[in-house]
Every structure is written in C-alpha cells, then in structure tokens.
Number of protein chains: 2
Amino acid sequence: MRILIVEDDASVSHWISSKLHVSGHSCKLVDNGEDALKFIKNEVFDVILLDRIIPKIDGIQLLGLLAGDPHPPVLILSANDQTSDRIEGLRAGADDYLGKPFDFAELLLRLERLYCRSKQVASSNFIKIKDMIINLERHEVTRSGHRIDLTNKEFKLLYVLAEHPGQTVTRSMLLEKAWGYHFDPQTNVLDVHLSKLRNKLDGGSKNPIIRTIRSVGYALG
Amino acid sequence: MRILIVEDDASVSHWISSKLHVSGHSCKLVDNGEDALKFIKNEVFDVILLDRIIPKIDGIQLLGLLAGDPHPPVLILSANDQTSDRIEGLRAGADDYLGKPFDFAELLLRLERLYCRSKQVASSNFIKIKDMIINLERHEVTRSGHRIDLTNKEFKLLYVLAEHPGQTVTRSMLLEKAWGYHFDPQTNVLDVHLSKLRNKLDGGSKNPIIRTIRSVGYALG
DNA sequence: TTAAGACTATGCGTATTCTGATTGTTGAAG
DNA sequence: CTTCAACAATCAGAATACGCATAGTCTTAA
C-alpha cells in the first residue's frame, strides 16, 4: 500500500512509517494540512492516515475540502477519543477513526481493511476470500500465509471466479473471460485447468475453496 | 434499514430498538447466537448489530459461521473495548466495532455507513417465498435455513415457478421454459422432476409449497 | 535441448435425466 | 353411490451427460 501519513508529531509519524515499512508498505510523511492537500492532488495513495489536529489546515477541514471528488479512504487518528469527536470525524467523511494511544496491529488491520474495501469497489488490487489473498498486481496468491505458484491460465481462472465471490460463475463465462471464447470449444480445457488449480489451492484438503455447481459452473468460497 | 439486534441484555436491546424505531428503522430482536443464525439465514436484513458475548453461540463464533457466504454487514457491540478485542472482532469478519458504553448518535451513524457501503457493493439477487430462499447467483436454495441440493433441472423448474409466485404456471409453460420444448413431449418428464423437486422441498411435510392445479399446471406458495 | 505451460484425447465413475409401467386421485356421468 | 376416464404421482431401471483424472502432444522460451 502507498500511504500518506499526515501527522505533525514527528516521533509518532516516524514510528508508524518505520513499522509500515517493515510490513512492506511505502509511506509519505507530511506534517501539515496544506502540504497534505498538495500531495493528495498530485500523487496516488491507497490510504490516508490523518491526524485530527495539524497545522495550517485542520484534519476535519481537510476532509471537507476533499469531499466531493474521489480520493483515497481516510483513517483519522486522534488524541480525542470521545464519541462526539468520532462522530464529527466520521460525519466529515472519514472512513474510519482510531483514538490514541493505539496499537500498531490494529492500525495496520484497519488500514488494510480500508484498502481492500476501496479496491473492491473501484476494482482491484487484491481480493480476499476466506484465508486466501489474491494480489492482482503481483500476480500472486497466498493461502493462510504461504505462497501458491500459479500459472498464467490458472491465475486468470481464479481471478474470474474471485470477481464474483460466492456466486456461481458459468462455464461459458469462464471460457469467455479466461480464454476469450465466445462459444463452446469442443474440448475440456476448462476442466483440466480447473482441476490443476484446485489441486494447488486446496491440495486434497477437505473444505475445498472451489465448489462445483454441476452443469452450471463453479463458485468460490 | 432492517436491523437485526443480537443482544442478551433486554434493557439495552430495547433501548436501541426503540431509538432506531424513532429514526425510522425496523428491528428484530434476538437474544442468543442460535436464533440469530436462524434469522440471518431466513430473513433479509440490512445490518446486523451483534453483541460479542451472547448465549449459545458466541459473537465471534457466529461471525466464523457466517464467513464465506454473503451476509449483511456486522457491527460488533462489546463491553470489552481493548484493542486486542477490537482486533479479534475485525479479524473474525466484523465490519465495524463499537465499545460500550456508546452514544446512540454514533451507533446510528456507523450503522448507516455500513448500510450505504453494502448497498454500493452488491444487491444480491434472490427470490423469497415463505421460508424458502432461492439464490439465483449462487444457484442455491435454502428452506428455513438449511440448504437443499437441487439438480439443474430441478432448479430450473423451481425458478420458472418462482418467477410467478402464487400464480398458476401451465405445464406447457414449464416445458417451454425449463426444457425448451415448444410442444408436448409424449412423456411425463415434467411430472417426474416435479415429483422429485417436491420431495426435496417439502419432504413429506404437510403444508407443501407446490400446489397442483389439476389439468392446468402448478403454483408456488 | 529441455522444461514448463497450454491444450487434446481418452476413459472411468457417478449423478442426472429420461422412459415406461404401475399405482393413486379426482371429478363427472351414469 | 358407484364407476369410469382422465390426469397426476411414483418407482425402478436404462440411457446419457458431466466432471474429473491421467497421459500424451504441441508450442514457446530459456
């Protein structure tokens, strides 16, 4: 994730950014509302971590300025953890709120949630289903933490399924999306690749992640 | 919004529900996890308000059971407002978390946010008749909560009937829609499959969901 | 040349669908 | 009230379709 941290207390912002780095995310630090606004307008971030009280433009004001046009989800970080403050923050358009002092694990979790959510809406950088994470950018799939190597076709197949988690995706849909066939090829390509995919994903475990809906298609989850 | 409140402390749940009523929302109250699960399976809610500690099935467990298939967003309500608890709740699949004591305004705000968000993502596609839910996307039928496995033909048949709930669907209509026959096949395919469907749907119970309209066709409900 | 991935061919086991015969119901005519 | 014919429901077995696995072929890129 690319994260913009808007926070005037340097010790806090550095602590957060170093921790986020370790978790594999990249951060940009900014200590006032004015600069924050500039960066938001000019660069692409996945999430914004916003302290409520910052110089020049206050956090809430900043949200007001952002409102209307599309922007990354905002998590407000604040020393005031009164409900009234939380309400104010959320009303102003924040997507989440975390009071200080906070736990880094919780911060990370919330950031990731925001990220997933926004991605799912404005389609795609990683999709999460049960304990499986599909990273579209990196073409990488992990299940309960450890990597699973997929071939290109397998990945495409999984991706098409993952676009509609839980829903039944018809065979023709799969053929169309993963192969570009607009007709029924008289072969069993689909079956073969799906079989392989299945093996890799839940290699023999009960509780398979891909269900078969006979004579219709397949479904994830 | 239609809200399911899962909370064993009657005073709390009544307070919330009355307030929500005033705000123009309708609530269903449930005081244990088991009933909650039943209701979630059988009825349609926009949001679920879930107390963490409830009888029979714990809040976190309940989330585990829901995970995987689509369900309304869940806001956890809990006396424990430690970060570790919050993390646990969110990890388990909750969509938001609010610690007691809380402010009603904040609760309402958060519920509305959850609702808006879920509306944006998916308007799931299903038909409900009595205690039966036909989920078209998932190609799945449940009756009073538990799944009923149907073959493709059976599903199609049911679907054609369900498109006109209560109305009589003629035999020729069924043959046409489910088989693509534009004529009367001189067999009793329809009868056979309808018989099977009936068995699966209301396996011997009185109060069958499919009625026979003699010499015309069938009707649902 | 090798190796990996994508596709084809084939066969097996099983779930599903269909057929035809049998039994059960219903409602109107006698 | 009985009888009868039309219609509906059920059953078992035959026929079929479908999904899955395995093994082999083809293509491309290292």
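The sequence lines fix the lettering, A, B, ..., with proteins before strands; numbering per chain opens at 1. Heavy atoms only: backbone and side chains are in, while hydrogens, waters and symmetry mates are out.
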Please enumerate all residues that pass salt bridge (charged side-chain N to carboxylate O under 4.0 Å, His left out) together with A/R171, with sequence neighbours excluded.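 A/R171: salt bridge (charged side-chain N to carboxylate O under 4.0 Å, His left out) contacts with A/D191.
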
Kindly write out the residues that satisfy salt bridge (charged side-chain N to carboxylate O under 4.0 Å, His left out) with B/D95, not counting sequence neighbours, or none if the list is empty. none

Any donor-acceptor pair under 3.5 Å linking the side-chain atoms of B/H182 with those of B/E176?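 A donor-acceptor contact under 3.5 Å links the two side chains.
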
Enumerate donor-acceptor pairs with a distance under 3.5 Å from any side-chain N or O in residues 208-220 of chain A to protein atoms, sequence neighbours excluded.
residue : atom : partner : partner atom : Å
A/T212  : OG1  : A/R198  : NH2          : 2.5
A/S215  : OG   : B/N152  : ND2          : 3.1

Counting any heavy atom closer than 4.0 Å, what does A/Y218 reach on the DNA or RNA strands: base, sugar-phosphate only, or nothing?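 If one applies the 4.0 Å heavy-atom cut-off, A/Y218 turns out to touch the sugar-phosphate alone, with no base involved.
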
What one-letter contact string describes nucleotides 3-15 of chain C from 5' to 3', where B marks a base within less than 4.0 Å of any protein heavy atom, S marks contact via sugar-phosphate atoms alone, and - marks no contact? --SSSBBB----S

For the side chain to side chain donor-acceptor pair (under 3.5 Å) test, which of A/H193, A/K200, A/K196 pairs with A/E154? A/K200

Distance, rounded to the nearest Å, where B/D191 contributes CG and C/dT17 contributes C1':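 B/D191 atom CG is separated from C/dT17 atom C1' by 14 Å.
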
Does anyone know the first and last nucleotide of DNA chain D in reach of chain B, 5' to 3', at under 4.0 angstrom to a heavy atom? D/dA6 to D/dC11

Ignoring hydrogens, what is the shortest heavy-atom contact between A/A94 and A/I76? Give both atom names and the distance. CB-CG1, 3.6 Å

If every non-hydrogen atom of B/F183 is compared with every non-hydrogen atom of B/L175, which pair is closest and at what distance?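 Taking every non-hydrogen atom into account, O-CD1, 4.5 Å.
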
What pairs with B/E163 under side chain to side chain donor-acceptor pair (under 3.5 Å), at least two apart in sequence or on another chain?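 If we apply the side chain to side chain donor-acceptor pair (under 3.5 Å) test to B/E163, skipping adjacent residues, the hits are B/Y159.
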
